[in-house]
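For clarity, every value in this text was computed on a predicted model and none was experimentally measured. Residue numbering restarts at 1 for every chain, and letters A, B, ... go by the order of the sequence lines.
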2 protein chains.
Amino acid sequence: MPPRPGLSKSELEVARVVWMLKDANVRAVYEALSETRDIDFTTVQTYLRRLEEKGYLNVRLDGRSRFYSPKVRPRTVIRETVDDLVERLFGGEAMPLMKHLVEERSFSVEEIEQLRQLINRLEGADDEQ
Amino acid sequence: MPPRPGLSKSELEVARVVWMLKDANVRAVYEALSETRDIDFTTVQTYLRRLEEKGYLNVRLDGRSRFYSPKVRPRTVIRETVDDLVERLFGGEAMPLMKHLVEERSFSVEEIEQLRQLINRLEGADDEQ
DNA sequence: TTGACACAATTACAAATGTACTTAATACTC
DNA sequence: GAGTATTAAGTACATTTGTAATTGTGTCAA
């Protein structure tokens, strides 16, 4: 179990922006989010505050403004989130999700090739006992 | 956009049980859920009612008791759910999720082979223009 | 026919979530 | 230094979610 409260869907979205920006104040996050979505500045403020309260972000004061940066590694958050989804939607089996993705998200030829490479690499580093 | 309100994490879990049972009354769903999770009978009742209200389940009356069955196909719900996650967590790119799954969920040799097959099959039925 | 249960239906209610307004403090601009 | 913009901080508030208690009603067994 994660030692932190989970994130809601929208919170995840905001967290992702911070991951991309590495270190950002409210305005920067607000602007990034505004690209794709109609949202109020103070709403972003609230999200960032909650993300900090929940232990996902660090805050640093620079002058009068607060800069947020990841505290938990994206990879970790992604793992927890995806695991949770797999648990609830597929009873813990990851394969059906893979299958779903492969079948429903029409990948390009290049992407398929990329995938194949990934799998090949896996087989090399196989840690089955 | 889905024409129905989205499902919460727990609602998804309950929906999945109904999918598996195909057609079930509260008790059956309650019993299936109890296997893995401590939950009250009436809580299950509430979830099922909400799932129906949201348009995900059909209800049929058999004697005095209500039998629930899927109204929206699992595949559809899964697509909507996964798409939403991919959107928020990976900005709409499915590949990073695949990559994550392949790297983080140690698949067995058999599963890897299965995956490979899946990909091969894909290439045959390639519908790029 | 009377409990004891089963199930439906209704209601409850705190916590989490999405969304924003308000107020206060500062900084920047003439 | 008065007015304007920026940010922080606090507060608000309806909706959704998770969880269940309560109340009504029929069913079955003794």
Which of the following nucleotides, [options], is nearest to the side chain of [X]?
| X | options | value |
| --- | --- | --- |
| B:V26 | C:dA8, D:dA9, D:dA20 | C:dA8 |
| A:R64 | D:dT19, D:dA9, C:dA27 | C:dA27 |
| B:D40 | C:dT17, D:dA20, C:dG18 | D:dA20 |
| A:T42 | C:dA8, C:dT17, D:dA9 | D:dA9 |

May I ask you to verify if any side-chain N or O of [X] is less than 4.0 angstrom from the OP1 or OP2 atom of [N]?
| X | N | answer |
| --- | --- | --- |
| A:K9 | D:dT17 | no |
| B:Y47 | D:dT17 | no |
| B:R49 | C:dA9 | no |

[X] [atom1] - [N] [atom2] separation (whole Å):
| X | N | atom1 | atom2 | result |
| --- | --- | --- | --- | --- |
| B:N25 | C:dA9 | CG | P | 13 Å |
| A:Y30 | C:dA20 | OH | P | 10 Å |
| A:Y68 | D:dT7 | OH | C1' | 11 Å |
| A:E52 | D:dA8 | CD | C1' | 13 Å |
| B:K54 | D:dT15 | NZ | P | 14 Å |
| A:L12 | C:dA16 | CG | C1' | 14 Å |
| A:L48 | C:dT17 | CG | P | 16 Å |
| A:I39 | C:dG18 | CD1 | C1' | 9 Å |

Pairs meeting criterion ring-ring contact (aromatic ring centres under 6.0 Å, His included) with involvement of residues 13-50 of chain B, two or more places apart: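 Checked against ring-ring contact (aromatic ring centres under 6.0 Å, His included) - neighbours excluded - the pairs reaching residues 13-50 of chain B are B:Y30-B:F41.
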
If you pin A:L61 and B:E11 to their nearest nucleotides in DNA chain D, which one's is more 5'?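 On the 5' side of the pair lies A:L61.
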
Which part of the nucleic acid, if any, lies within reach of [X] when heavy atoms closer than 4.0 Å are counted: base, sugar-phosphate only, or nothing?
| X | value |
| --- | --- |
| B:S10 | sugar-phosphate |
| A:S65 | sugar-phosphate |
| A:S8 | sugar-phosphate |
| B:R50 | base |
| A:R66 | sugar-phosphate |

B:F67 or A:Q45, whichever maps to the more 5' nucleotide of DNA chain C: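 Looking at the nearest nucleotide for each, B:F67 comes out on the 5' side.
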
Between B:M98 and A:E111, is a side chain to side chain contact (heavy atoms under 4.5 Å, CB included) present by the stated rule, with each step listed? CA-CA 10 Å; B:M98 288 294 274; A:E111 286 174 318; over 6 Å; no

Quick one: which of B:E80, B:E52, B:E11 gives a salt bridge (Lys or Arg N to Asp or Glu O under 4.0 Å) with B:R4?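 Exactly one pass, corresponding to B:E80.
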
Ignoring hydrogens and angles, tell me if any N or O in the side chain of A:T43 forms a donor-acceptor pair with the backbone of A:I39 under 3.5 Å.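 Such a contact is absent between A:T43 side chain and A:I39 backbone.
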
Counting only N and O atoms by type, is there a donor-acceptor contact under 3.5 Å from the side chain of B:N25 to the main-chain atoms of B:A28?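 At least one qualifying donor-acceptor pair exists.
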
Separation of A:R73 CZ from A:I78 CD1 (nearest 0.5 Å):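 Separation between the atoms: 11.5 Å.
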
